[in-house]
Engineer: 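This is the structure, below, for whatever I ask next.
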Amino acid sequence: MSEEKKTEEKRSLEENFDILEKNLKDLEDDSLPLEEAFALYESSMKLLKDCNDEIDRVEKKVLLLKDNGETDEFSE
Amino acid sequence: MNKKIYSVSQINSYIWGMFSQDFYLRDVSIKGEVRDAKYWKDGTIYFNLKDDKSLLPCVCFKNKAQALKFKLEDGMSVTGHGSVSVYKEGGKYQFYVSEMEKDGQGDLYARYLKLKAELEEMGLFAEEYKQKIPFMAKKVGIVTAPTGAAVRDIIQISRRRNPYVQLILYPAIVQGKQACESIIRGIRAMDAAGVDVIIVGRGGGSIEDLWAFNEEAVARAIFDCSTPIISAVGHETDTTIADFAADLRAPTPSAAAELAVRQLDDITGHIADCKNRLDQSIKSRLTHRRLKAQKLSESLKRLSPQYMLNDKRQKAAAIESTLDALMDKRILALKSRLQKDELSLKHLSPLGLADKRRQRSQDLGYKLDKAFDRHMQMTRQRMLLLIERYKARSPLERLGGGYVYASGEDGKAVLSAASLKTGDKLKLRFKDGTVSAGVEEISCD
């Protein structure tokens, strides 16, 4: 994966989790103004959705890679 | 000469018995060169051991053959351990091998150590070049043999942990002369195919079997690969050069699958947990603020003029009712004292004396009434007696038996017939009633 692809929208699951952890920490701090807390909450919820979307829940078959780069279905 | 004749099996059994009793042949180590090694379908190996003078038939049964770390090849110099016994059915003795070592194994090990030191010196194993294994790989490349336990274990464990991960297999040759090149091709093809992580490895075997993974070219291919590589060669105790060059070493192929494929439940669980905590934190924040607002509004109310007025009013009412109660109590006390005084006064006053007299006159009156009543009763009694006596004397008692009392119209008794005239009216009194009669004829005597 090239570095350019990692724009704001396309963060890895782990990066998203890190951000979520930080947001949670901020949210758990009582001194945070309510409006900011709401904004943080909303953006965190969006991140959570991204995390869920990132798990592409389609069962995959094992593929066989050939030397020319083509793939075949692998039968065990 | 009457010699006993034996059967073939009797003789073979006898010889077998002799071999079995021999202490030395029961546990012996024999060194020789391998000849005519034959692997049977069931796993048993038949071969001969020879030296420059002689040949010894050998057999290594399936259960022992499986434990061998190398494949027997002609010309190989080995040392076998086991027992020499008789194959009764074939009438030959042979070496039953239970363990075997290959001579000259030390050479390969020395080569391994030398290469390891060289590559380490060149920095191929340096920590700073290690790439991080992705948190959640969605495409996992596998470079290993397409058959055998290794690939099966990797696929099985990956599927169990997360069936949505795409597995791509490069069917590599992992043993023998072509292995080195095949593994390198596999790594490069996988790097080009754009997977998130690559597992390179094979199942367990002897140091010769695993040798491809100790080749410098393979180590360099691993080092040059831009995709993170997890090595998984043999068993936990087998460590190869490839393991040192890889970004992460897994002790077995199964362990490699666990390192490459994250448990899906962990991730979804983590997401759910984050959501809960987010919800909880914003909720508790809101609740906290709401409570604070409530408290403030209550404090404010307490400061309002309306509240203060009401409060004063309430206090005044309370004081008033206390005063009332006090007054009532006082009045009650006074009253009761007055009553007491009145009683004592009554005892001392002339009115008290009059009361006594009145009482006495009442008593007397009562006694008089009683005496009068008694007197009246006696009088009535006398009266009744008199009435009875008078009754006995009544003129009516003289009537009856034909005698009547005749009276005239004036009610006076008629004393003679001569005093009457015709047509006069007479009243005749019988004992039980009165009859009116008229005079029709008069005759005087």
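Numbers restart at 1 for each chain; the letters A, B, ... are given by sequence-line order, proteins then strands.
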Engineer: Looking at chain A, which one of B:G186, B:A192, B:S281 has the largest number of heavy-atom pairs inside 4.5 Å, strictly under?
Structural biologist: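 Counting heavy-atom pairs under 4.5 Å, the top option is B:S281.
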
Engineer: Of the non-hydrogen atoms in B:G204 and B:R202, which two are nearest, and what is the gap between them?
Structural biologist: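 Closest heavy-atom pair between B:G204 and B:R202: O-NH2, 3.1 Å.
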
Engineer: B:R185 vs B:E181, test: salt bridge (charged side-chain N to carboxylate O under 4.0 Å, His left out). Steps then yes/no.
Structural biologist: CA-CA 6 Å; B:R185 261 211 312 275; B:E181 206 198 316; 3.0 Å; yes

Engineer: Between A:D26 and chain B, which part of the residue has a heavy atom less than 4.5 Å away: side chain, backbone, both or neither?
Structural biologist: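 For A:D26, the backbone is the part near chain B, not the side chain.
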
Engineer: Using a cut-off of under 4.5 Å for heavy-atom pairs, which of A:L40, A:L27, A:L20 has the most such pairs with chain B?
Structural biologist: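 Highest number of heavy-atom pairs under 4.5 Å: A:L27.
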
Engineer: Write down the atom of B:G201, the atom of B:V233, and the distance for their closest heavy-atom approach.
Structural biologist: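 So the two residues come closest at CA-CG2, 4.2 Å.
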
Engineer: Which atoms of B:P134 come close to chain A, meaning under 4.5 Å heavy atom to heavy atom: side chain ones, backbone ones, both, or neither?
Structural biologist: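 The answer is neither part of B:P134.
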
Engineer: What part of A:L24 gets closer than 4.5 Å to chain B, counting heavy atoms only: side chain, backbone, both or neither?
Structural biologist: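 The side chain, not the backbone.
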
Engineer: For chain A, which of B:T147, B:L167, B:V140 has the most heavy-atom pairs under 4.5 Å?
Structural biologist: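 Answer, by heavy-atom pair count under 4.5 Å with chain A: B:L167.
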
Engineer: Quick check for you: among B:R289, B:H288, B:R277, B:K138, which has the greatest number of heavy-atom pairs under 4.5 Å with chain A?
Structural biologist: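 That would be B:R277.
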
Engineer: In terms of heavy-atom pairs under 4.5 Å with chain B, which of A:T71, A:D67, A:N16, A:I55 leads?
Structural biologist: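 The answer is A:D67.
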
Engineer: Within 45° of the six-membered ring axis of A:Y41 and under 6.0 Å from that ring's centre, is NZ or CZ of B:K283 located there?
Structural biologist: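 No.
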
Engineer: Go through B:T227, B:L286, B:V143 and name the one with the most non-hydrogen pairs under 4.5 angstrom from chain A.
Structural biologist: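 Counting heavy-atom pairs under 4.5 Å, the top option is B:L286.
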
Engineer: Which of residues 251-275 of chain B have a heavy atom under 4.5 Å from any heavy atom of chain A?
Structural biologist: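 Heavy-atom contacts from residues 251-275 of chain B to chain A are B:L264, B:I267, B:T268, B:H270, B:I271, B:C274, B:K275.
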
Engineer: Enter the distance from B:L210:CG to B:E215:CD here, rounded to the nearest 0.5 Å.
Structural biologist: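 Going from CG on B:L210 over to CD on B:E215, the span is 12.0 Å.
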
Engineer: Show the nearest heavy-atom pair for residues B:S231 and B:A246, with the distance to one decimal.
Structural biologist: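 The answer is CB-CB, 3.6 Å.
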
Engineer: Is it the case that more than 12 heavy atoms not belonging to B:Q178 sit under 6.0 Å from its CD atom?
Structural biologist: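 Result for CD/B:Q178: open.
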
